[in-house]
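Proteins come first, then strands; the chains are lettered A, B, ... in the order of their sequence lines, and each starts at number 1.
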Amino acid sequence: MPVITFPVNSSPAEHLLDLYRTMARIRAFENAAEETSRGGVAVFGSTADAVALVRGPLHLSTGQEAVAAGVCAHLERGDYLTSTHRGHGHTLAKGADTAAMMCELFGRATGTNHGKGGSMHIADFSVGMLGANGVVAAGIPIAVGAAHSAKIRGSGAIVACFFGDGAINRGPFLEGLNWAKIFNLPVLFVCEDNRYSATTATDAMTGGAGAAARARGMDIPAETVDGNDVRAVDHAARDMVARIRAGGGPQFLHALTYRVKGHVSVDPATYREQGEVDRALESDPLQLAAARLDALGVDAARIAEVDAAARAEIETALAVARAAPWPQAAAAYTDVQDTGAGQWH
Amino acid sequence: MPVITFPVNSSPAEHLLDLYRTMARIRAFENAAEETSRGGVAVFGSTADAVALVRGPLHLSTGQEAVAAGVCAHLERGDYLTSTHRGHGHTLAKGADTAAMMCELFGRATGTNHGKGGSMHIADFSVGMLGANGVVAAGIPIAVGAAHSAKIRGSGAIVACFFGDGAINRGPFLEGLNWAKIFNLPVLFVCEDNRYSATTATDAMTGGAGAAARARGMDIPAETVDGNDVRAVDHAARDMVARIRAGGGPQFLHALTYRVKGHVSVDPATYREQGEVDRALESDPLQLAAARLDALGVDAARIAEVDAAARAEIETALAVARAAPWPQAAAAYTDVQDTGAGQWH
Amino acid sequence: MALISYAQAACQALAAAMRADPRVLALGEDVGRGGIFGQYKGLQQEFGAARIIDTPISEATIMGAAVGMALTGLRPVVEMRVADFALCAIDEIVNQAAKNRYMFGGQGRVPLVARLPIGIWSASAAQHSQSLEAWFAHIPGLVVVAPATPADNHALLAAAIACDDPVIYMEHKELWALQGEPPAPDPAVLGKARVVRAGADLTLVTWSKLVHTAVEAAGRAAQHGIAVEVIDLRTIWPWDRDLVLDSAARTGRLLVAHEAVQAGGFGAEIAATVAEELGIPVRRVGAPRIPVGYARTLEDVARISAERLLEELTTFVQRDAQRRPAA
Amino acid sequence: MALISYAQAACQALAAAMRADPRVLALGEDVGRGGIFGQYKGLQQEFGAARIIDTPISEATIMGAAVGMALTGLRPVVEMRVADFALCAIDEIVNQAAKNRYMFGGQGRVPLVARLPIGIWSASAAQHSQSLEAWFAHIPGLVVVAPATPADNHALLAAAIACDDPVIYMEHKELWALQGEPPAPDPAVLGKARVVRAGADLTLVTWSKLVHTAVEAAGRAAQHGIAVEVIDLRTIWPWDRDLVLDSAARTGRLLVAHEAVQAGGFGAEIAATVAEELGIPVRRVGAPRIPVGYARTLEDVARISAERLLEELTTFVQRDAQRRPAA
Ligand SMILES: Cc1ncc(C[n+]2csc(CCOP(=O)(O)OP(=O)(O)O)c2C)c(N)n1
Ligand SMILES: Cc1ncc(C[n+]2csc(CCOP(=O)(O)OP(=O)(O)O)c2C)c(N)n1
Ligand SMILES: [Mg+2]
Ligand SMILES: [Mg+2]
């Protein structure tokens, strides 16, 4: 396998600030998406407002940013990532351009997917981000295949495979983990455990101790970490990625976090106690990281600067997206398939 | 839940002789099926001999009889069982009539399935045997649903769910076990581990320690036993069934055995060493049980009597099946569905 | 009388069936909170968690377990959220539910209703927008139903629950909020279509949400002097051949319209049958063979509008009238 | 020249593609021992276990992993054993493989070939006998191929492997042992049908194993003075509309025959198209809408025999000739 060089680690404070920056950018991106989606989501039997800029189901990862930031900090551009319906954070952290991402959410021709995918299918293959997926757990076999491919081609790439706590009850979870294990594939499984599957508390739907126990049942090394503590995620991911790159085969990271928002942006999530949400808000990953930065002696002004830069970046993204052209109707017929092109009726 | 009465256990020797009898009947049945199928299986690219009595894929459980016998000894008629493509033993041990079974293998109107299923889909709902299945692992969700139903209806019935070692790598294995666990269902999972999945040695395809470890990963109590020792199976099943009936929820029995024959009757199984097969033949479950019966002081004549009775029963079954009528062509149109009956074109 | 929504109508039909028959229950993701479309609203409160069963995200086992339940004396209603996710449970639908009764020689019945909502769901893109009724119509053993109105979503769901066959029950993802006349208490008869509007010039067969589009197009066609007979098929399998053939024989022209992809859609079956039986001119309107895109400009290409229908039927009638002025 | 079997022909095509292109590989159950039909015979010996990949019984992940491989520079050939088992991988085929390129705006391609053998497999009953080509023809993004001869199983498989789209490649379960002329080295052109036998009285369109039945029926029809033009469609999607419409326009009668269930089968698409475009008489022959039973008496009801075809086409031509003596 070709040798891959890793970025030299900067100081702990600088590294944490980098992680904070990623989180701040994700937060700003999703806040803006939420704002511009008001009225645009046709869910729970309502009808979508035609004039909203972001339309359709919008799944926000607000409060879960540390998982994306901490894991992706250890991925190279040539590495792959598969995601879920809740994929903005992963996409951004893997290196996608926020303007192109916002254009996609706005359904514009200049979006990452040229307006064909929207939030739920956001992807940027140019940075190895192989796509958000509308089918729970469907990214797992694809991730495993990409890892198998990397191994066969000897490209040295690894794959980060993100999925939720609800996904571990679907068959492809078992099949994919087993596959990665027997072929000793370079894949990091990341279970983003935000405790909910849509309106359902996942715990009651899960037999046994959960994600990590199942991985261990297949002899895949697994670790459970505080997914709101970006340093915990960062450290665990660093070690796991190192083991994977050294040929150690699949590793499993179980990150405990919390879904602060509803399942989709318009879900008021009345099925849970406000107290539970309030408690969760106390361990907001950005605030935790900011406090830690403070403790490490990083000036508050530098953090504010990062926040401001993130907001400014997203303002620009919004402006770009607002001005961007719609896809032509004719584009509906492109990229279907080569064979029989034109025979679409 | 209604009270269920269990048969009073006879002496250990008499009980073992009962188990031996079941095994001998399965062996005799399958030997006869194999004999009458010669030339009838269109597999590996060959064409089926039109005159064979048993036609199509025939999966024999020869050498695995102890699992069916030991488990089914603890099932009541009202309990359910789901099976695999290799289901003769389970069907017989659950109480089906061998003549009706043989008629089914012969494709006759008097068969358990009226000739519609054949060996691969043999079923006898009247004794709770809900069917052999041509799709690996497909019986697992059905078993779980039957257990869920029994629980909801308070019928007191339990379900024995048989599957092979290859089935544990399909998604429904995970989903079904998880479901049984969270709903605390009365189901006994039985993994009949004969070490092969068609032509493939299952071990290399299985991540981690295998079936029992996966069950434990979901907090389902699991035990691995020598599946060729009918007493071991019998004891484990007895205890597990008792726990299930007491409301203890799902239990998992992992029975180690060996597929003595090819995957289907015509498979010469050249992909494995003859030495391996020879070693396996040394622990033939019937011979083991016979030796044990001898040690328990059971007269050899009684064992011979059981063998002879089994052979005689199957001779009768063959005679009945040979003489039985074919299904009428018109029967091809029955039992499709009620709605729109007659609109079959 | 107060109007009722499509979602409420189904909810009421299910509640009534559950009150009348303890064997009826429902299982699926999020049903305990009323389902994400409100189609199970209040039911867990009334019937408890043992009959309105919240499940893990395990489509294959939701469907497979329902088969096991149905075989052993229950009558499950299976929530699949959208037809697209039911693609994770196709073995269980096709190899297990549909074939069970036949394969085992009639020893068992599989009286289940699997709810697989179809249709484009505004701005939800390729994996939440499929109409796959043609698939299930092709599978022996299955009944396929697609209600267009609140009243029908009551009457047909009641009939589906009462049916001893496995029924693929396809509500439309964009009809949940549709208000309509309150339903009659009686279940519908599966397999019977309904003439929504009579007309002598052309028979327009459709179902699900397009029924409303067809009625609109027919109204506008009337203004151009074209009398369109609109038939709501309601049951896709068994489809009401007699009613369609009768109507088509009268009007002399058949147009089938559906939201599904035209190529290989169920419209082909109807058009082919009418062509075989009557030899009259037939035409089909369906979606182009493209996935549904997210941007509205793309999504609109995959939708069948009333304008499009109007144009198709006008051209059809005019060309055909020219060709056969005596007809 | 030595004859070659249908299985060998595919094996040789795959071997040639693997020799020419290191990105081509195959994965699936039992492939390392040559596959259960001998369709991978000797390949693991030549190419090693990293390119002829034995897999667990995990259809969903076999297909899903192939999508991941195809997206990242490989060209997998996916073994599904029989189409019936591919029902365990339908999400991966329909929601993932078929939609990937479109949904992600053309960022990726999914050049995979999924082998899903169709057809009745003698005495294998309901779960091993399905012909589901109509399903996949209905799904945007997929190419659907069904070879009838050893030569075509070489030429079409080569073309499928060379194709950048996901191809559903449907061999027939009862053709593996069929001997035929050795193949030409060149790949076929996907989407092109073949006139197997010319004739002026009726166009008979079919594919897969029924091509041979159709040729037999056509031979016998000729003895009754009926000249049947037999077309082997070869590619179900995109189907060769031009060739079929040309032929049907010449003969004035179209009969489509397939082994799949007639209701909702792909024959409906062809018949409907011809009726729409040409307005000529059309007829279809397919299996009744019943599962395939085990006993031969039952299985035979689900098969289309040469006798049946002969009877259908004779009746068709005679009735039509009476009705339109001038035609
Ligand atoms: C196969 C499938 N079933 C159901 C759904 C509907 N659905 C979308 S997201 C979701 C919950 C997923 O929970 P989890 O995996 O924990 O991810 P989270 O939403 O919490 O990030 C469900 C049920 C789906 N998209 N796919
Ligand atoms: C879903 C599915 N995939 C593949 C097959 C083909 N097949 C039939 S039996 C078998 C091997 C099953 O192995 P195991 O579960 O260990 O059962 P055994 O045959 O050893 O009893 C395979 C692969 C199938 N029937 N169903
Ligand atoms: Mg979650
Ligand atoms: Mg086995």
Could you have a look at B:Ala138, B:Gly111, B:Ala329 and say which one has the most heavy-atom pairs with chain D under 4.5 angstrom?
-> B:Ala329
Other residues, nucleotides, ligands: >12 heavy atoms within 6.0 Å of B:Gln274 CD = yes
Taking the inter-plane angle between the rings of D:His128 and D:Trp121 on a 0 to 90° scale, is it parallel (under 30°), tilted (30 to 60°) or perpendicular (over 60°)?
-> tilted
Enumerate the residue pairs fulfilling salt bridge (charged side-chain N to carboxylate O under 4.0 Å, His left out) with a member in residues 80-97 of chain D, sequence neighbours excluded, ordered by first and then second residue.
-> D:Glu29-D:Arg81, D:Asp30-D:Arg81, D:Asp84-D:Lys173
Under a 4.0 Å N-O cut-off, is there an ion pair linking D:Glu312 with D:Arg283?
-> yes
Is there side-chain contact between D:Ser208 and D:Met170, with at least one heavy-atom pair below 4.5 Å?
-> no
Go through the atoms of B:Val135 and report whether side chain, backbone, both or neither lie under 4.5 Å from a heavy atom of chain D.
-> both
Should the pair B:Tyr196 and B:Tyr271 be assigned to parallel (<30°), tilted (30 to 60°) or perpendicular (>60°) ring geometry?
-> tilted
Examine whether an atom of B:Asp335 lies under 4.5 Å from a heavy atom of chain D, and if so say whether it belongs to the side chain, the backbone or both; otherwise answer neither.
-> neither
Carboxylate-amine/guanidinium contact B:Lys261 B:Glu34, below 4.0 Å = yes
Heavy-atom pair count under 4.5 Å with chain D, highest-scoring of B:His114, B:Gln328, B:Met120, B:Met205 | B:Met205
Residues of residues 44-61 of chain D with any heavy atom under 4.5 Å of a heavy atom in chain B | D:Asp54, D:Thr55, D:Pro56, D:Ile57, D:Ser58, D:Glu59
Heavy-atom pair count under 4.5 Å with chain D, highest-scoring of B:Gly166, B:Gly107, B:Pro327 | B:Pro327
B:Asp124 versus B:Asp97: any side-chain heavy-atom pair under 4.5 Å?
-> no
Looking at side-chain heavy atoms only, is the closest gap between B:Tyr258 and B:Arg195 below 4.5 Å?
-> yes
Among the listed options D:Ala7, D:Ala295, D:Ala302, D:Gly293, the residue most often paired with chain B at heavy-atom distances under 4.5 Å = D:Ala295
